[in-house]
Amino acid sequence: MNKPSKVPSSDLAARTIAVAKAVAAKYADDVDRRARFPSETFAALSEARLLSAAVPREFGGQGAGMLELGNQCAALAQGCSSSGMVLAMHHIQVACIARHGAHAPYFQKYLRENLAEKQELIASITSENGTFGDTRSSICAVEVDGDTMQLVKDATTVSYGANADAQLVTCRRAADAANSDQVLVLFPKGSYTLEQTGTWDTLGMRGTCSPGAKFSGHGKPEQIVPGSFADSSAQTMVPYSHILWSALWTGIATDALQRAAACVRGAARRKPGSVPPNAAALARAYAELQTMRHNWQACAMEFDAMTAADDAAAREMLDSMNWALKMNQLKIACSEAAPRLCHRALEIIGILGYKNDTPFSVGRHYRDVLSAALMVSNGRIAGKSASMLLVVKEV
Ligand SMILES: Cc1cc2nc3c(=O)[nH]c(=O)nc-3n(C[C@H](O)[C@H](O)[C@H](O)COP(=O)(O)OP(=O)(O)OC[C@H]3O[C@@H](n4cnc5c(N)ncnc54)[C@H](O)[C@@H]3O)c2cc1C
């Protein structure tokens, strides 16, 4: 497992804030309305070399830790939720490759040339028709025959699949492997086809462009990420997903409350010397926003501290039930807090927040964060936590 760099890339968040304000926020409504990929934002991120934030420094990236990546995703989501989610999903895939494949020549070359130099974007295919949202189970299997390898997968949801330069796909290790005996396989552009099987006309997160698709890829066995997906899921995919998603949901709630705060300040200016009646509701909402932000940041700092230390000890900690519970609790707490805060923002602002065409509109934010509880369903996550809580004595 590759350790993250200890050297902070201090200007990462500042450069992302610049893209969020100048580009992501400008196109967010159009991206939402037309359910289109936020191409301007990703062109700007690529231009600023921000797509390689999670690539270790030894391969030409910024080697950012979890806290920095979280701050980056939160900043971008303040401008455009879908952009924040796409960036988070990309970093999750990069982290799986960097932390589990970086000792293999194929992935070293990919990290350096495709991710750092060319600023390519990776999408993820974990969902599959027939596994019902259980990422730790696959029906499809990679077929290795000598020096060649191929895979076919019927996916329910593939975000920005058509806009990505590569797909990282979960599948069974072999045709005779159990459903939970999975591996991750990387397919760079040119080695696969994606045939769209559904539409993506959703309530929110419309810019993630995530319809179902039939995936068919081929290549060489070296494209299989070393080790098992059981390890890369527990040690990387789950912590990166739950922490970075929580960060970006915090970013969305932050922007909604900033709109509420601007509205309250406007009311205060109109009646100098008085405190508007909805200012107290705003104060209570900010208390919850602070809890939410500190929750993901504490988990991110704990992850960075753990992974900066000895590898074997870090793996053991990341594989523990206590850590798995912490990640599940973070995901459930933040995915439930974000819609609550958007609802509070709407109540504080009133009709100007309900309308879609005012500077105080929060409808898009609200619709976007409603995906948080579904994106690996909270019911499924709570079910897994419930089983662990039967055996873990101290949480
Ligand atoms: C914006 C967005 C982007 C996405 N992008 C991608 C992507 O890029 N790639 C990808 O592969 N997938 C993606 N997904 C899919 C996502 O990660 C989930 O796989 C999918 O949303 C789960 O679908 P589901 O709700 O039908 O599944 P389920 O998890 O089966 O949930 C359905 C219902 O069953 C309940 N349920 C299921 N199991 C249990 C249980 N054990 N205990 C209690 N209740 C249970 C749930 O609570 C829920 O009510 C995306 C989803 C969203 C919303």
Side-chain angles (χ1 to χ4, degrees), residues 31-32 35-38 73 77 80-94 96 121-140 151 153-171 180 182 184-187 192 194 196-215 217 229 233 237-238 240-242 244-246 248-249 252 328 331-332 335-336 338-339 364-390:
V31 162
D32 173 58
R36 67 163 180 89
F37 182 71
C73 293
C80 168
S81 321
S82 290
S83 298
M85 179 53 84
V86 172
L87 183 64
M89 289 197 272
H90 167 70
H91 285 335
I92 295 160
Q93 313 318 310
V94 174
C96 286
L121 187 67
I122 315 179
S124 146
I125 309 184
T126 55
S127 67
E128 184 172 15
N129 267 313
T131 59
F132 305 100
D134 180 9
T135 55
R136 285 293 290 104
S137 175
S138 288
I139 296 166
C140 66
L151 174 65
K153 183 164 185 173
D154 184 5
T156 63
T157 328
V158 186
S159 290
Y160 59 97
N163 304 89
D165 301 295
Q167 313 283 331
L168 192 64
V169 191
T170 51
C171 56
S180 60
Q182 297 161 289
L184 277 169
V185 190
L186 179 70
F187 291 90
Y192 65 86
L194 263 185
Q196 189 174 325
T197 53
T199 56
W200 186 251
D201 183 6
T202 49
L203 197 59
M205 285 293 181
R206 293 166 60 82
T208 62
C209 302
S210 317
K214 280 209 161 74
F215 170 90
F229 180 59
S233 172
M237 191 176 274
V238 170
Y240 273 80
S241 301
H242 291 193
L244 297 186
W245 290 349
S246 296
L248 77 90
W249 296 329
I252 300 169
N328 287 356
K331 195 274 175 178
I332 290 173
S335 63
E336 289 179 355
R364 171 168 53 79
H365 304 66
Y366 204 167
R367 288 186 287 102
D368 287 339
V369 286
L370 287 176
S371 65
L374 315 181
M375 207 168 167
V376 184
S377 95
N378 280 0
R380 191 177 281 282
I381 291 177
K384 286 194 174 157
S385 286
S387 304
M388 287 190 271
L389 286 166
L390 296 178

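One-based numbering, in listed order, for ligands and for the atoms of each.
Ring pair F37/Y160 is tilted by interplanar angle, where 30° to 60° counts as tilted.
Heavy atoms from both the backbone and the side chain of T126 come within less than 4.0 Å of ligand 1.
Scanning all protein heavy atoms for the shortest distance to atom 44 (N) of ligand 1 gives G379 C, 3.7 Å. Of all protein heavy atoms, the one lying nearest to atom 5 (N) of ligand 1 is S159 OG, 2.7 Å. Remark: minimum distance from atom 11 (O) of ligand 1 to any protein heavy atom is reached at S127 N, 2.7 Å. Closest to atom 10 (C) of ligand 1, if we only count protein heavy atoms, is T157 O, 2.9 Å.
Here atom 27 (O) of ligand 1 lies nearest to F132 when heavy atoms of W245, F132, W200, Y160 are compared. Here the shortest heavy-atom distance to atom 29 (O) of ligand 1, taken over R380, Q167, R206, M375, belongs to R380.
Remark: ligand 1 and N378 share no N or O pair separated by less than 3.5 Å (distance only, no angle test). Of the polar atoms of S210, none of the N or O atoms is found under 3.5 Å from an N or O of ligand 1, judged by distance alone. In terms of polar-atom proximity, T208 is not counted as a contact of ligand 1, lacking any N or O under 3.5 Å from an N or O of the ligand.
Taking every heavy atom of M205 and a limit of under 4.0 angstrom, the matching atoms of ligand 1 come to 1 (C).
Surrounding NZ of K384 are more than 12 heavy atoms belonging to other residues, nucleotides or ligands, all under 6.0 Å away.
Less than 4.0 angstrom separates atom 32 (C) of ligand 1 from none of the non-hydrogen atoms of the protein. In this structure, atom 42 (N) of ligand 1 is in close contact with the protein, since a protein heavy atom lies within 4.0 Å of it.
Residues that satisfy the side chain to side chain contact (heavy atoms under 4.5 Å, CB included) test with L374, not counting sequence neighbours, are absent from this structure.
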